[in-house]
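See below for the structure under consideration.
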Amino acid sequence: MNRLNFKQLAERLSDENLLLALAQGEEEALSIFYQRHSGKVLRFCLKKGFSKESADEILQIVFLQLWRKRAHYSAQYKALAWLYILTKSETKDYRNREKTFARTKSIPAEEFMTDASQNDDFSPIKRQEELSWEGLSEVQKDVLTKRFYEDKEFSEIALALGKSESNIRKIISRAFQVLRSRKEEEK
Amino acid sequence: MSQNEFKEFTQETKTNGSEKNLLSILDQIQKSLPSIPAVFGQLLLVHGFSSLLTLIACPQFGMRVFFPAEAQSLMDVFMVLGHEACFFLCGVFYLGSSFLFAKWILSSDSFLVIKRSRFVMVMSLALLSLGFFRMWGDALSFELTFLWFLGAYLGASLSTREWWKYKMAASQP
């Protein structure tokens with residue numbers, strides 16, 4: 001049975017069978033499941049007070065988790081209950097990450113941006129040297145530069161570096177932790 | 001799970017997620033899969049292990065662990081059907097076993113990569129194996145080599161075939 005035939009079959013499959021096909025590594029099943037139910041995830045996120053951008057990001061995370069956890073799905077679960085639990089858990093995690101990010105972001109980011117705006121001949125590379133991002137890895141420096149000096153979105157950075165958006169957030173968060181602890185040591 | 005919230009969640013929506021989001025998800029999935037060379041390396045290791053087990057069943061290699069000396073060996077069983085059939089079945093058994101082992105041992109992501117590049121993987125493994133046999137044994141004729149190759153491809157295809165799709169299709173009204 002080739003790919004084209006499976007697409008025709010998948011459109012007739014129940015949600016539960018689609019997730020079973022997904023468990024076997026069939027990406028087409030994920031696309032059809034997305035077309036059927038992505039709206040439900042978006043509506044849930046918007047109702048929880050997330051912005052459209054955040055809702056889109058959570059939607060991607062939920063469907064990526066659906067793929068990553070595909071082997072854990074069993075026919076005894078209702079497919080929509082499985083999606084609901086994943087969505088709920090990911091929105092909660094996203095909210096927690098946002099809180100952590102906002103806490104760690106406030107100190108260094110503001111300082112960096114003030115420094116940047118006061119300097120007429122500002123260039124990201126020069127600023128990196130002046131700020132002496134000592135202790136940061138090359139990837140962390142790269143991500144911070146892209147985010148705060150080139151004003152790129154998380155999705156753009158993720159695409160450029162071939163990482164997930166949540167991974168980019170983690171890299172930034174860890175970089176801030178390093179900078180904060182260094183600042184405290186200096187004090 | 002809040003029943004009301006779940007009920008609300010399951011209600012139909014007018015709009016769906018964008019195509020751009022879906023493409024981004026599929027792209028990230030693609031990037032998360034191991035590379036073909038890495039998977040082929042894993043497959044080679046599994047094939048090495050599987051070969052150790054399968055070749056000791058063949059008296060041509062001087063060992064017949066699974067078959068006592070007085071009993072018929074696997075080769076004897078295949079030879080009942082003739083020399084050509086023996087080569088063909090040897091290919092089916094040898095590569096089929098390797099891919100079955102790979103299915104059990106490797107991660108689902110790695111096996112997915114194998115399924116997607118099945119033809120290249122099977123052919124590369126079969127060619128490498130033939131080269132190895134050539135070093136070990138006698139010269140091979142074109143006809144026998146072709147039959148072995150055909151058997152190897154059939155064995156590997158049967159082992160990697162997605163049988164669940166047929167079952168699912170059959171269960172559809």
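Proteins come first, then strands; the chains are lettered A, B, ... in the order of their sequence lines, and each starts at number 1.
Here the shortest heavy-atom pairing between A:L80 and B:F9 reads O-CE2, 3.9 Å. Shortest non-hydrogen contact noted between B:Q28 and A:Q60 is NE2-OE1, 3.2 Å. For the pair A:W67 and B:S32, the tightest heavy-atom approach, listed with the atom from each and the gap, is NE1-OG, 4.4 Å.
From A:L42, atom CG reaches atom OG1 of B:T13 across 8.5 Å, with rounding to the nearest 0.5 Å. The CZ atom of B:F111 sits 10.0 Å away from atom CD of A:Q24, with the distance rounded to the nearest 0.5 Å. Atoms OG and CG, on B:S24 and A:L59 in that order, are 10.0 Å from each other to the nearest 0.5 Å.
Residue contact with chain B, scored on non-hydrogen atoms closer than 4.5 Å, involves the backbone and the side chain of A:Q35 alike. Interface remark: A:T87 contributes side-chain atoms only to the contact with chain B (heavy atom separation under 4.5 Å). For A:R70, the part lying near chain B is the side chain, with the backbone staying farther off; criterion is any non-hydrogen pair under 4.5 Å.
Annotation: B:F146, atom CZ; neighbour count of heavy atoms from other residues, nucleotides and ligands within 6.0 Å does not exceed 12. The environment of CZ in B:R118 is crowded: more than 12 heavy-atom neighbours from other residues, nucleotides or ligands sit within 6.0 Å.
By the criterion of side-chain heavy atoms lying less than 4.5 angstrom apart, applied directly or through intervening Ile, Leu, Val, Met, Phe, Trp or Tyr residues, B:L130 is grouped together with B:F132 in one hydrophobic cluster. In terms of hydrophobic clustering, with Ile, Leu, Val, Met, Phe, Trp and Tyr side chains grouped at heavy-atom distances under 4.5 Å, B:I36 and B:V120 are assigned to different clusters. The hydrophobic cluster containing A:Y94 does not contain A:L46, counting ILVMFWY residues as joined when their side-chain heavy atoms lie under 4.5 angstrom apart, directly or transitively. At a threshold of 4.5 Å between side-chain heavy atoms, the hydrophobic network of Ile, Leu, Val, Met, Phe, Trp and Tyr places B:I114 and B:L127 in one connected group. A single hydrophobic cluster is seen to contain both B:L128 and B:L95, as judged by linkage of ILVMFWY side chains at heavy-atom distances under 4.5 Å, directly or through other members.
Within the 3.5 Å criterion, the main-chain N or O of B:T15 finds no donor-acceptor partner in the side chain of A:R43.
In terms of non-hydrogen atom pairs under 4.5 Å with chain A, the most contact-rich of B:D109, B:T10, B:N16 is B:N16. In terms of heavy-atom pairs under 4.5 Å with chain B, the best-connected choice from A:A55, A:S155, A:S38, A:S164 is A:S38.
Between A:K163 and B:K31, every side-chain heavy-atom pair lies at or beyond the 4.5 Å cut-off. Under the 4.5 Å side-chain criterion, counting only non-hydrogen atoms from C-beta, B:D27 is in contact with A:L159. Between A:S31 and B:L22, the closest side-chain pair of non-hydrogen atoms falls below 4.5 Å.
Between A:K40 and B:E12 there is a salt bridge, with a side-chain nitrogen of the basic residue lying less than 4.0 Å from a carboxylate oxygen of the acidic one.
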Requested in this report: Give the C-alpha distance, both sets of side-chain angles, the deciding distance and a yes or no for salt bridge (Lys or Arg N to Asp or Glu O under 4.0 Å) between B:K115 and A:E26.
Outcome: CA-CA 11 Å; B:K115 280 195 286 189; A:E26 191 54 61; over 6 Å; no
Query - Step-by-step side chain to side chain contact (heavy atoms under 4.5 Å, CB included) determination, A:F44 to B:E8 - result: CA-CA 9 Å; A:F44 182 87; B:E8 208 176 316; over 6 Å; no
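Partner of B:I25 under the side chain to side chain contact (heavy atoms under 4.5 Å, CB included) criterion, out of A:V62, A:L64, A:L66, A:I61: A:L64 alone.
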